[in-house]
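For reference, the structure is listed below as structure tokens.
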Amino acid sequence: MDLKLSNHVFNVLKQHSISEQRKSARVHDKKEVSTAEKVVDPKTRLLLYKMVNAGILETVNGCVATGKESVVFHADGGRMEDQEVPAECAIKVFKTTLNEFKNRDKYIKDDYRFKDRFSKLNPRKVIRMWAEKEKHNLKRMANAGIPCPEVVLLKKHILVMSFIGKDQIPAPTLKEAKLSLEDFRAAYYQVLNLMKQLYEKCNLIHADLSEYNMLWHDGKVWLIDVSQSVEPMHPHGLKFLYRDCRNVSQFFQKCGVSETPNERALFNLVSGLDIASDNQADFMAEIEALEKTNEDHVQNHRKKISMYQKDEDGPPPIFDD
């Protein structure tokens, strides 16, 4: 390939490539063909080379986080003609293994924004759709003023965002953060407000909210990992919201925040609904009935759809290579 790289950048990328190949060789006897934990496959590496060569990124540094579906790297930002690139960037690489996504298609196949395209795509392109879905959800959240990573660039299954942290050290999750009781109390009220904003202004439900994907940075709670987020009109949207409320309620109660309501009361606070059942079984039964029959609730959220179907926020088609 005729890539114009300076000697310094070429050597850094070469050493990174050699290091990752050695790691891969220790785990696999055959050639690595997918993005596994802390490993960048050849196609992903080529995309990163091109970003560095184009000046979008100056350098790609080490891995700062791993998950079931993605690996996040730190990078030093470069420049782009049409927008400003943050000095520190996070590169989220969605793993190209299919196993992690087989049980998670429920988050995307019933999302009206992606439903028609989902059935027409091969499994590997579905993974790109996950990255695309996160991009659009983050943009919608940013437009509503919710603290979250700023989207810089999406390239296939690689999402470049602003880095939440400083000097290559990522901000701690709420699970990791060493906070005083007063800070935890402040964090709880912030999370409650963020959940309401997400539901009312963004027309979204996080669908995987917990202390592991909320960051504490500059005295604020930041929301991350929204590729699975859905709209309330999703067939399972209210169940996902109830699960989020349960996670949030249990965490802050363990932290000693006495003002934290139980998951049922928190669900009603966030959704604006008034389900009066005082036990979980009856409460879930009412949620299921609401998802199936409460057309008024669905229609209220349908009215918000048009405001998110503009070109900049609506999902563009995914083209073949």
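Predicted model only: the values in this text are computed from it and were never measured.
- Applying the salt bridge (Lys or Arg N to Asp or Glu O under 4.0 Å) criterion to Asp244, with sequence neighbours excluded, gives no partner residue.
- Residues satisfying the side chain to side chain contact (heavy atoms under 4.5 Å, CB included) test with Asp218, not counting sequence neighbours, are none.
- In this view, Ile169 satisfies the side chain to side chain contact (heavy atoms under 4.5 Å, CB included) rule with no residue, not counting sequence neighbours.
- The hydrophobic cluster analysis finds Tyr212 isolated: no Ile, Leu, Val, Met, Phe, Trp or Tyr side chain comes under 4.5 Å of it, directly or through other members.
- Applying the salt bridge (charged side-chain N to carboxylate O under 4.0 Å, His left out) definition to pairs two or more places apart or across chains, those involving residues 54-66 are Glu58-Arg79.
- The stretch residues 246-272 participates, sequence neighbours left out, in these salt bridge (charged side-chain N to carboxylate O under 4.0 Å, His left out) pairs: Arg185-Glu259.
- With sequence neighbours left out, the side chain to side chain contact (heavy atoms under 4.5 Å, CB included) criterion links Asn247 to Ser210, Arg243.
- Residues forming a salt bridge (Lys or Arg N to Asp or Glu O under 4.0 Å) with Lys239 (at least two apart in sequence, or on another chain): Glu291.
- In this view, Ile56 and Ala54, Met80, Leu153 satisfy the side chain to side chain contact (heavy atoms under 4.5 Å, CB included) rule, not counting sequence neighbours.
- Among residues at least two apart or in separate chains, side-chain hydrogen bond (donor to acceptor under 3.5 Å, both in side chains) pairs with a member in residues 186-196 are Asn193-Gln197.
- Applying the ring-ring contact (aromatic ring centres under 6.0 Å, His included) criterion to Tyr242, with sequence neighbours excluded, gives Phe283.
- Grouped with Val64 in one hydrophobic cluster are Val72, Phe163, the linkage being side-chain heavy-atom contacts under 4.5 Å among Ile, Leu, Val, Met, Phe, Trp and Tyr residues.
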